[in-house]
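All values below were derived from every heavy atom in this structure, side-chain atoms included, with hydrogens, water molecules and symmetry-related copies excluded.
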Amino acid sequence: MKKILEVVGTLVMVVGACGVVRELTGWFPFMGLTRYLTENVAMLHGREVFANIVIAVAGFGILMISDRMRSVQGPGFSGGAHG
């Protein structure tokens, strides 16, 4: 589960960061997730940079959750006997 969250979080964060760079500079034309959303959701029209920042922060949050899962398990989680 931790690895899945890490992969998803990384992908979401990269899509959001590429979207911010695309909106500010015009690079990464193939990363059109938020472009599609902003054209079809009236609330996001004209707020492409903000939407991409929110997506990047959500990806970072997912990564923090996956890291928290590791620290909750702790070093003794392997099932070994403690003496």
Side-chain angles (χ1 to χ4, degrees):
M1 180 71 169
K2 181 182 180 316
K3 290 291 182 187
I4 293 172
L5 284 175
E6 286 176 349
V7 170
V8 169
T10 301
L11 288 175
V12 171
M13 193 168 69
V14 167
V15 166
C18 288
V20 170
V21 172
R22 185 192 66 243
E23 292 299 328
L24 297 177
T25 65
W27 295 352
F28 302 112
F30 57 89
M31 301 292 269
L33 174 68
T34 54
R35 173 90 29 135
Y36 173 77
L37 287 174
T38 55
E39 289 175 357
N40 295 313
V41 178
M43 181 180 69
L44 296 177
H45 187 69
R47 296 178 179 92
E48 291 87 1
V49 175
F50 177 73
N52 285 309
I53 290 171
V54 169
I55 290 171
V57 169
F60 184 74
I62 293 170
L63 285 173
M64 291 298 103
I65 290 170
S66 70
D67 188 51
R68 181 72 176 166
M69 289 179 70
R70 180 178 179 205
S71 64
V72 168
Q73 293 174 353
F77 188 71
S78 63
H82 295 286

Name each donor-acceptor pair under 3.5 Å that joins a side chain in residues 54-63 to protein atoms two or more places apart or in another chain, with its distance.
none

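Not counting sequence neighbours, Glu48 has no partner by the side chain to side chain donor-acceptor pair (under 3.5 Å) test. Take Leu24 and apply the side-chain contact (heavy atoms from CB on, under 4.5 Å) test, not counting sequence neighbours, and it matches Val20, Val49.
Grouping the Ile, Leu, Val, Met, Phe, Trp and Tyr side chains by contacts below 4.5 angstrom, directly or via other members, places Met13 apart from Leu5.
Among all heavy-atom pairs drawn from Ala51 and Leu44, the shortest one is CB-CD2, 4.3 Å.
In this structure, the separation between CE on Met1 and CD1 on Ile65 is 9.5 Å, given to the nearest 0.5 Å.
Legend: salt bridge (charged side-chain N to carboxylate O under 4.0 Å, His left out) pairs involving residues 5-18, not counting sequence neighbours, sorted by first then second residue: Lys2-Glu6, Lys3-Glu6.
Counting Ile, Leu, Val, Met, Phe, Trp and Tyr side chains that sit under 4.5 Å apart, directly or through other members, Leu11 shares a hydrophobic cluster with Val7.
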